[in-house]
Structure formats: structure tokens, C-alpha cells
Asks: 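Shown below is the structure under consideration.
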2 protein chains.
Amino acid sequence: MKQISSRFSIAVHILSLVATIPSECTGDFIAGSVNTNPVIIRKIIGLLKKAGFVEVRAGVGGTSLRKPADQITLLDVYRAVEVIENGELFNFHNHPNPNCLVGSNIEAALRAELRDAQAAMEQRLGQVTLAQLITKFK
Amino acid sequence: MKQISSRFSIAVHILSLVATIPSECTGDFIAGSVNTNPVIIRKIIGLLKKAGFVEVRAGVGGTSLRKPADQITLLDVYRAVEVIENGELFNFHNHPNPNCLVGSNIEAALRAELRDAQAAMEQRLGQVTLAQLITKFK
DNA sequence: ATGGTTAGAACTATACTGGTTACAACCGGT
DNA sequence: ACCGGTTGTAACCAGTATAGTTCTAACCAT
């Protein structure tokens with residue numbers, strides 16, 4: 001199966017860097033720490049900027065947090081970079097046959113369960129802030 | 001982003017059909033209820049068969065449950081059809097720079113959180129059995 | 001044997017990911 | 001006012017997953 005893209009883990013990596021050593025945070029430096037291409041970093045920073053988490057000074061280099069690290073949860077980051085159509089993690093097959101007992105009922109019943117499962121995951125992500133994550137570095 | 005494939009919802013649909021109207025369950029009939037191609041159905045039934053949930057009588061048509069519906073959870077189905085490499089829903093970027101404070105620490109710290117989030121979702125899926133889902137049809 | 005069925009290979013179109021190159025726009029310092 | 005380092009994007013590519021199709025072989029009850 002296709003996993004949730006690494007944009008998410010990279011975004012958390014970026015924010016952790018900006019939160020801990022903001023003075024060094026040029027795109028190239030971040031790319032070196034993440035070990036990828038600077039353009040990938042810029043794209044993700046663009047998403048984080050759009051979400052209001054970071055501020056970027058164009059030209060001169062340097063990215064800084066616009067929100068304190070204890071007010072950014074992993075869920076916030078997840079939602080900023082993993083843009084899913086209508087927010088649903090689980091894909092549902094289209095148009096089950098309405099003339100069939102199962103076909104006409106499964107969608108509502110299963111969708112509710114899937115929504116709850118997704119909510120459980122997101123709730124867990126929402127419990128962890130960037131600040132909490134960073135304290136685990138040593 | 002890429003959602004979790006519809007194989008999962010289709011698999012639940014198939015099992016619901018087999019559990020409620022087993023006598024009718026040829027591949028074509030199921031395909032009609034799911035509203036897709038019979039080959040798609042056969043592929044997914046193949047996975048469910050491999051996982052030991054259904055039994056198929058080749059040639060004559062008809063699929064039946066090999067386990068009672070109250071002993072099959074949505075998590076079981078999920079794991080049978082959404083085969084993820086090493087079981088991890090979240091993808092992690094490869095080889096952060098070990099010479100960087102953040103790069104060398106983020107992997108372990110973040111991976112733990114992601115594992116917990118995934119576990120929360122799976123735990124929720126594991127609470128619902130096929131039997132429970134079916135009782136919601138009317 | 002025949003017809004309905006299951007099993008699966010091979011192929012296509014589409015789309016997302018991660019990555020690259022290239023170029024324009026920006027800005028601080030000399 | 002230029003220059004070098006930087007950010008912001010567009011365009012493109014290879015690899016891979018999904019969903020679907022067509023086709024063929026194997027199966028089995030009648």
C-alpha cells in the first residue's frame with residue numbers, strides 16, 4: 001500500500017530545526033539535515049508558511065516560527081502538509097448498488113466507523129506538541 | 001495525498017455480502033453490488049481467502065465465511081488487504097543527517113509518536129466486528 | 001460435454017511521490 | 001547599485017500504486 005507521504009515527517013523535522021537552531025535555517029542547511037534536495041524543503045516550507053507556522057525572509061535566508069512550539073501539535077503539521085481531499089484518510093469505493101441490501105447500507109455504516117478510526121489517530125497526533133518532541137533530543 | 005485504497009472498503013463490502021446473502025455470492029453478483037469489475041472482486045477475494053476469512057468453491061460459484069462474523073474485525077480485514085511494507089502507515093524520510101542534533105534525534109522520537117497514532121487507529125478498527133456492522137443494515 | 005464460474009496473467013490509463021534542473025525574484029552588504 | 005546567497009516556482013522525469021480491462025486457463029455440477 002501507499003504510505004502517508006514523508007512530507008509529514010520532513011515537515012516535523014523542519015519545524016524542529018527552526019525551533020532549536022533558527023539562526024542556521026537556510027533551505028540548504030535544512031536540506032542537509034533532512035538529507036534531501038533543497039527544493040523539496042522549499043515546497044514543504046511553503047505549505048508550513050501557508051498554514052501560518054513559519055515566517056520566511058526571502059532573499060536573505062532564515063526561517064522562524066510564528067507560533068510558540070508548544071502551540072503546534074503534530075496534528076496541525078499533518079493537516080498542513082498532507083492535504084487529503086475532503087479530509088478522509090480512507091478511500092471509499094464509489095456508488096455501491098442502491099438496489100442491494102448491503103450496497104445501500106454499507107456506505108453510511110462503514111463510513112462512520114472509518115471516520116472514528118481516523119479521529120482516533122488524529123486525536124493521538126493532536127496530543128503531542130512540537131515543544132514536547134524537542135525535549136526528547138539530547 | 002493518497003488515501004488508503006478502496007480495497008479495504010470493498011473487502012468489507014464483500015464480507016458483508018457473504019455474511020448476509022451467501023447463496024447469491026458469485027463474483028458477478030458481488031461486482032454488481034459493489035459496482036465495479038468482477039476481476040477486482042476476485043483479486044480482493046483472493047486476499048481474503050489467503051487470510052483465511054472466506055472459502056471459495058471454484059467452478060460452481062459461491063463464497064462462504066470460514067469464520068463467524070463476530071470473530072472478524074475491521075482491523076483483520078484492513079490487515080488482510082492493505083499490505084503495507086513493515087506495517088507502517090507513516091512513511092519516514094530516509095537517513096536524516098546524523099551529524100545534526102535534530103537529524104540524529106528526530107527519527108526515534110517521531111517514529112514512536114507515529115507508531116502510537118497508528119496504533120490508536122488500529123485499536124479503533126479492532127473494536128468493530130463484521131457482525132456488529134451488519135446489524136446496522138435494515 | 002457444456003455452461004457458468006473461479007483464477008490469474010498481461011496490459012492500460014491515471015495519479016502521486018520524490019527528485020532534478022532551470023530561472024525569476026528578492027534582499028543585505030560591500 | 002551591483003553582487004552573492006537565498007527564496008519561490010515551474011517544468012519535467014522515473015518509479016510505483018490504483019483501478020480497470022481483456023483474455024485465457026482451469027474447475028465443476030448438471
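Sequence lines set the chain letters: A, B, ... in the order given, protein chains first and strands last, and positions in each chain run from 1. Hydrogens, waters and symmetry mates are skipped; everything else that's a heavy atom, side chains included, is used.
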Asks: Once you round to the nearest 0.5 Å, how far does CZ of A:F137 lie from SG of B:C100?
Replies: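 Between atom CZ of A:F137 and atom SG of B:C100 there are 9.0 Å.
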Asks: Nearest-Å distance, CD1 (A:I84) to P (C:dA15)?
Replies: 18 Å
Asks: Whole angstroms only, please: what is the CG-C1' distance between B:N91 and D:dA17?
Replies: 13 Å
Asks: Scan nucleotides 2-10 of chain C nucleotide by nucleotide, 5' to 3', and note B when protein non-hydrogen atoms come under 4.0 Å of the base, S if they reach only the sugar-phosphate, - if neither.
Replies: --BBBBBBB
Asks: Nearest-Å distance, CD1 (A:I4) to P (D:dT16)?
Replies: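 Rounded to the whole Å, the gap is 21 Å.
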Asks: Grab the CD1-P distance between B:I10 and D:dA19 for me, whole Å please.
Replies: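 The distance from CD1 of B:I10 to P of D:dA19 comes to 6 Å, rounded to the nearest Å.
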Asks: B:I44 CD1 to D:dA17 P: how many Å, rounded?
Replies: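 Rounded to the whole Å, the gap is 17 Å.
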Asks: To the nearest 0.5 Å, how far apart are CG in B:L15 and OG1 in B:T20?
Replies: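 With rounding to 0.5 Å, CG (B:L15) is 10.5 Å from OG1 (B:T20).
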Asks: Using a strict threshold of under 4.0 Å (side-chain N to carboxylate O), is an ion pair present between B:E82 and B:R7?
Replies: yes
Asks: Using the side-chain heavy atoms of A:T36, tell me which of these nucleotides is nearest: C:dG19, C:dT17, C:dT20.
Replies: C:dG19
Asks: Taking only side-chain nitrogens and oxygens of A:S6, does any of them come within less than 4.0 Å of OP1 or OP2 of C:dG18?
Replies: yes
Asks: Check the distance between D:dA19's P and A:H93's NE2 and give it to me in whole angstrom.
Replies: 11 Å
Asks: Let me have the donor-acceptor pairs involving side chains of residues 108-122 of chain A, under 3.5 Å, with sequence neighbours excluded, atom names and distances please.
Replies:
residue: A:R111; atom: NH1; partner: A:E107; partner atom: OE2; Å: 2.3
residue: A:E113; atom: OE2; partner: B:K136; partner atom: NZ; Å: 2.7
residue: A:D116; atom: OD2; partner: B:R124; partner atom: NH2; Å: 2.9
residue: A:Q118; atom: OE1; partner: A:L89; partner atom: N; Å: 3.1
residue: A:Q118; atom: NE2; partner: A:G87; partner atom: O; Å: 2.6
residue: A:Q118; atom: NE2; partner: A:E122; partner atom: OE2; Å: 3.0
residue: A:E122; atom: OE1; partner: A:R79; partner atom: NH2; Å: 2.7

Asks: B:F8 CZ to D:dA17 C1': how many Å, rounded?
Replies: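 Rounded to whole Å, this separation is 18 Å.
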Asks: The test is side chain to side chain donor-acceptor pair (under 3.5 Å); show your working for B:T36 and A:H93 and say whether it passes.
Replies: CA-CA 9 Å; B:T36 185; A:H93 55 289; over 6 Å; no
Asks: Please report, rounded to the nearest Å, how far the P atom of D:dT9 is from the CD1 atom of A:I41.
Replies: 16 Å
Asks: Can you check whether B:G103's main-chain N or O pairs, donor with acceptor, with B:N97's side chain at less than 3.5 Å?
Replies: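 No.
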